[in-house]
Amino acid sequence: MDLIPAPRYARFADGGTRLAGLTDPLLVAGPGTGSTAAWIRREIGAATGWDLPAPAVPSPAEPSPADPEAGRPETGPGGAPEGVRQAVWLALRPDLARTLGPEWHEVHVTDRGVLLEGADPAGLFWAAQTFRQLLGPDAYRNAPLSRDRRTWTLPIGDVRDGPRFGWRGMMLDVARHFMPKDGVLRYLDLLAAHKLNVLHLHLTDDQGWRVEIRRHPRLTSVGAWRPRSRRGHRASPLWNETPHGGFYTQDDIREIVAHAAERHIRVVPEIDIPGHSQAAIAAYPELGNTDVTGTVPPEVWDDWGISEHVLAPTEPVLRFYEGVFEELLELFPAEVSPFVHVGGDECPRTQWQRSRTAQQRIRELGVDGEDGLQSWFIRHFDRWLADRGRRLIGWDEILQGGLAEGAAVSSWRGYAGGITAAEAGHDVVMCPEQQVYLDHRQDAGADEPVPIGYVRTLEDVYRFEPVPPGLSEAAAARVLGAQANMWTEVTENQARVDYQVFPRLAAFAETVWSELPEPSRRDWPGFERRMGAHYARLDALGVDYRRPQGPLPWQRRPGVLGRPVEGPPPIV
Ligand code: ACM
């Protein structure tokens, strides 16, 4: 049935050749199933033209948690039994949660309709995603293709499924190139279609600050735009002289968070400290090392790379960022994400080495040189967040100087940081750049647009394994899951982001959802075959994915230099 990600158990009658035909079903929503019922009415209803009315009287066929077998539609040959209106039944099955775990679900297709059952509301929502895949690619459109009522067929059978990991994520860098709010909402829909449940939003960097902070308005009035951008990677001589910018208002963020929550997706915000802070320093120069930079503050950076403008290690800077995080915690409630990402990556020490204030601070705090200043920043916010019932997560550089208890690590420079953190009892999200950085090129060919990094093909991503060999059992249990990261220096708009992300995100989704054998034994030809059906879904969704044959003419960027790295990526 070409489901992606592949389900744990699926059995279809006569190999999927026996079809049920749905024409105008009822929607019978059991207790606690309202949010998925609303989603089905809105999304499946829009694609199919179905009204999906509730039954006039409670259906005797409605399954209940007490008796989940009650009314389960019988599988039988032919169409719906005479006089019985077909239905889509929704039910919660807490017994599935007890026996199998969170997010598990079942999908049963019979002549009488479809029964979707979730261990919990998230599981039920993923069941609805499977239902949509079974309906076929047109179920991903926003309107029916014809005004004539059509019969939607789907294979008769049963699916029982649940995820391997609880953290199945994607990071989107909206700082280097801003993605307008509608694009983020669309990406949430795309994540949901792949049963992914974390969106990590990289909201700040040297090149832009993308979230409104009421008490510090210059972060967006100054920090959210730059007059020009380098076109291509650092070595490119080209510039795009069009000003670039944008930011999410606080209400935009609330809308994004609510849209995500309706889809059982957590949004993890990232405010990067103490490096990658040039846009903030451009807005408020006193955040920077003014005894080094003098009276000329930096501007929002128009180039790519790692800026030397990092935060000054002072108490007023801590207070400023506490204010930022206070507003952020309100926008991203703990139910949405207990985790708050503080970055912590790639913080050059050069300004701190030259700053008398920073050197004085090192002596006052009694910390171990400039490295000690970095961990002082991170430890401060680790405590500050813990005091507010939140958990800090940061890039693996936060391991330097010792990690505070409760902090979690995004392992990006390979597996090594994640292994160290997990063996020390910290939670880990694996996102090694050698494996799952989707900004890296997906083919070695000369047509690849602005090629950077290693070649990571669709097959390479399909063979990504979140838990590296050799981890102790206790440490392996610390791997919360994995995420694919999408940095946007050379992807100037949504179409370019789509091209890098898809189809590889589909392969990634399977590595975090499905129970796959070890990488060398994975059924790549089988996945490639299922992708045939999945490309049709992506087409209906309007995703500008990379075709297996390579970029379409308008997906190329001839003459724009990237920064390819030769040879196979080292697995570290
Ligand atoms: C990173 O790629 N600098 C986390």
Side-chain angles (χ1 to χ4, degrees), residues 167 169-177 198-210 233-234 268-280 301 303-311 339-350 371 374-375 377-378 381 392-400 403 407-421 426-441 450 452-454 456 461 464 466 480-491 497 500-501 504 508 562-565 569-572:
W167 187 301
M170 172 176 152
M171 186 221 71
L172 185 62
D173 168 16
V174 293
R176 269 53 173 271
H177 279 102
V198 176
L199 177 66
H200 167 177
L201 271 185
H202 182 76
L203 287 166
T204 69
D205 215 301
D206 299 314
Q207 296 85 358
W209 182 285
R210 306 289 176 217
H233 212 271
R234 282 195 292 283
V268 177
E270 178 187 353
I271 300 289
D272 208 335
I273 59 167
H276 286 288
S277 299
Q278 185 169 325
W301 210 15
D303 209 349
W304 315 125
I306 304 170
S307 166
E308 293 195 345
H309 290 284
V310 304
L311 298 179
F339 286 100
V340 174
H341 208 292
V342 300
D345 58 324
E346 298 178 322
C347 179
R349 312 293 197 239
T350 39
D371 287 353
Q374 151 113 2
S375 53
F377 262 108
I378 301 299
F381 282 102
L392 176 143
I393 184 165
W395 302 110
D396 55 57
E397 286 94 331
I398 70 170
L399 284 162
Q400 291 157 7
L403 199 50
V409 166
S410 307
S411 188
W412 76 276
R413 294 178 300 177
Y415 287 113
I419 292 170
T420 304
H426 292 280
D427 286 340
V428 169
V429 175
M430 286 294 184
C431 47
E433 61 174 337
Q434 299 85 353
Q435 312 279 318
V436 287
Y437 265 34
L438 300 183
D439 52 324
H440 286 203
R441 60 196 167 136
V450 205
I452 60 168
Y454 302 110
R456 301 312 292 168
V461 173
F464 166 61
L480 301 176
Q483 63 183 39
N485 292 344
M486 180 57 208
W487 302 99
T488 60
E489 287 94 334
V490 302
T491 47
V497 172
Q500 294 302 128
V501 170
R504 293 183 293 181
F508 173 79
R563 186 165 166 271
V565 177
I571 310 291
V572 290

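Just follow the structure's listing: the first ligand is 1, and inside any ligand the first atom is 1. All residue numbers in this chain count up from 1 along the given sequence.
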(request) Run the numbers for me: atoms of ligand 1, each under 4.0 Å from some heavy atom of Trp487, listed by number. (result)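 Counting from 1, the qualifying ligand atoms are 1 (C), 2 (O), 4 (C).
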(request) Give the numbers and elements of all ligand 1 atoms closer than 4.0 Å to a heavy atom of Tyr437. (result)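 Counting from 1, the qualifying ligand atoms are 1 (C), 2 (O), 4 (C).
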(message) If the threshold is 4.0 Å, N to carboxylate O, is there a salt bridge linking Asp371 and Arg349?
(response)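 Yes, charged N to carboxylate O under 4.0 Å.
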(message) For Glu346, which part has a heavy atom under 4.0 Å from ligand 1: side chain, backbone, both, or neither?
(response)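 Contact part for Glu346 vs ligand 1: side chain (C-beta onward).
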(message) Students should be able to answer this: which protein heavy-atom is nearest to atom 3 (N) of ligand 1, and at what distance?
(response)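 Nearest neighbour among protein heavy atoms for atom 3 (N) of ligand 1, to 0.1 Å: Asp345 OD2, 2.7 Å.
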(request) Give a yes or no on whether the ring-centroid distance for Trp395 and His200 is below 6.0 angstrom. (result)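 Yes, ring centres under 6.0 Å apart.
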(request) With rounding to the nearest 0.5 Å, note down the distance linking CG in Asp173 to CE in Met486. (result)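 Rounded to the nearest 0.5 Å, the CG-CE separation comes out at 8.0 Å.
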(request) Could you pull out the closest heavy-atom pair between Pro466 and Met430, with the gap in Å? (result)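 Distance-wise, the nearest heavy atoms are O-CG, 3.1 Å.
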